[in-house]
Amino acid sequence: MVTSEVTKEVNKVLRQQLGAIGFDRAEIFEERDHDGESILKVVIHYRKISNVIDPTPTFSLARLVKDAIRPLGEERFPHFTHLFPEDQDLKVA
């Protein structure tokens with residue numbers, strides 16, 4: 001189970017970090033990794049924006065999310081999936 005406080009903090013970080021590249025919403029749920037460890041699965045949905053996407057804001061997401069949720073007692077590691085619209089041109093800056 002993922003608490004509403006953790007969900008709120010993860011979304012806050014994602015909005016701050018990814019808003020400029022089209023962050024729309026996130027789905028956050030508990031899952032098991034390939035070793036059977038409990039993780040936070042974060043599926044990030046983007047809306048279509050300009051043709052050039054700068055991936056730099058995604059580089060520190062795990063650290064930023066961990067820093068935000070650790071004070072809430074959440075120790076699971078976040079794993080991210082990025083879902084862009086099919087017609088989004090994913091040229092990187």
Side-chain angles (χ1 to χ4, degrees):
M1 180 179 156
V2 180
T3 68
S4 60
E5 292 86 6
V6 167
T7 297
K8 180 180 174 182
E9 285 302 309
V10 171
N11 273 287
K12 180 179 173 183
V13 170
L14 296 177
R15 271 191 308 280
Q16 290 171 346
Q17 288 300 116
L18 306 176
I21 62 170
F23 173 74
D24 182 38
R25 69 185 189 285
E27 298 171 81
I28 306 160
F29 51 94
E30 181 179 11
E31 197 171 270
R32 298 274 173 194
D33 68 9
H34 62 277
D35 290 326
E37 296 293 321
S38 182
I39 62 167
L40 291 180
K41 178 71 175 181
V42 182
V43 180
I44 303 169
H45 298 266
Y46 296 85
R47 62 187 179 282
K48 186 174 180 180
I49 60 167
S50 68
N51 289 335
V52 179
I53 302 281
D54 178 4
T56 306
T58 68
F59 295 169
S60 299
L61 279 183
R63 178 184 52 81
L64 294 169
V65 167
K66 284 292 289 174
D67 288 350
I69 63 177
R70 188 174 289 122
L72 301 173
E74 180 60 74
E75 293 295 331
R76 291 175 288 193
F77 194 82
H79 289 245
F80 303 99
T81 299
H82 300 269
L83 298 177
F84 290 90
E86 287 187 29
D87 61 344
Q88 174 70 59
D89 187 356
L90 293 178
K91 295 177 186 174
V92 290

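Source: prediction; values computed, not measured. All residue numbers in this chain count up from 1 along the given sequence.
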**Student:** Suppose we screen for side chain to side chain donor-acceptor pair (under 3.5 Å). Which residues come up paired with T56, at least two apart in sequence or across chains?
**Tutor:** D54
**Student:** Taking the side chain as everything from C-beta on, heavy atoms only, tell me whether F80 gets closer than 4.5 Å to T58.
**Tutor:** no
**Student:** Taking atom CD1 of I53 and atom CZ of F84, what is their separation to the nearest 0.5 Å?
**Tutor:**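 Reported to 0.5 Å precision, the distance equals 5.0 Å.
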**Student:** According to ring-ring contact (aromatic ring centres under 6.0 Å, His included), who are the partners of F23, at least two apart in sequence or on a separate chain?
**Tutor:** none
**Student:** Is the shortest side-chain heavy-atom distance between I69 and V13 below 4.5 Å?
**Tutor:** no
**Student:** List the residues meeting salt bridge (charged side-chain N to carboxylate O under 4.0 Å, His left out) with K12, not counting sequence neighbours, and say none if there are none.
**Tutor:**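 Applying salt bridge (charged side-chain N to carboxylate O under 4.0 Å, His left out) to K12 gives none.
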**Student:** Run the side chain to side chain contact (heavy atoms under 4.5 Å, CB included) test against K66 and tell me which residues pass, sequence neighbours left out.
**Tutor:**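 In terms of side chain to side chain contact (heavy atoms under 4.5 Å, CB included), with neighbours along the sequence ignored, K66 is linked to R70, E75, F77, P78.
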**Student:** According to a 4.5 Å side-chain heavy-atom criterion applied to Ile, Leu, Val, Met, Phe, Trp and Tyr, with indirect links allowed, do L64 and L72 form part of one hydrophobic cluster?
**Tutor:**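 Same cluster: L64 reaches L72 through Ile, Leu, Val, Met, Phe, Trp or Tyr contacts under 4.5 Å.
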**Student:** Looking at CZ of R15 and CG of D24, how far apart are the two atoms once the value is rounded to the nearest 0.5 Å?
**Tutor:** 11.5 Å
**Student:** Has the side chain of S60 got a donor or acceptor atom that lies under 3.5 Å from a matching backbone atom of R63?
**Tutor:** no
**Student:** Determine the minimum heavy-atom distance between P85 and K48, stating which atoms define it.
**Tutor:**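 So the two residues come closest at CG-N, 3.5 Å.
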**Student:** Give a yes or no answer on whether the side chain of D35 reaches the backbone of E37 with a donor-acceptor pair at less than 3.5 Å.
**Tutor:**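 Not at all, since once roles are kept as given, no pair shorter than 3.5 Å links the two residues.
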**Student:** Name the atoms and distances for all side-chain donor-acceptor pairs under 3.5 Å in residues 38-45, with sequence neighbours left out.
**Tutor:**
from, atom 1, to, atom 2, distance (Å)
S38, OG, E30, OE2, 2.8
K41, NZ, T81, OG1, 2.7
H45, NE2, E27, OE2, 2.5

**Student:** List for me each residue that meets side chain to side chain donor-acceptor pair (under 3.5 Å) alongside E74, sequence neighbours excluded, and say none if there are none.
**Tutor:**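 E74: side chain to side chain donor-acceptor pair (under 3.5 Å) contacts with R76.
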**Student:** Which heavy atom in I21 sits nearest to a heavy atom in P57, and how many Å separate them?
**Tutor:**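 Minimum heavy-atom contact is CG2-CG, 4.4 Å.
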**Student:** R25: what forms a salt bridge (charged side-chain N to carboxylate O under 4.0 Å, His left out) with it, not counting sequence neighbours?
**Tutor:** none
**Student:** With R32, which residues qualify under salt bridge (charged side-chain N to carboxylate O under 4.0 Å, His left out), at least two apart?
**Tutor:** none
**Student:** Show the numbers, then the answer: is there a side chain to side chain contact (heavy atoms under 4.5 Å, CB included) between N11 and I28?
**Tutor:** CA-CA 9 Å; N11 273 287; I28 306 160; 3.7 Å; yes
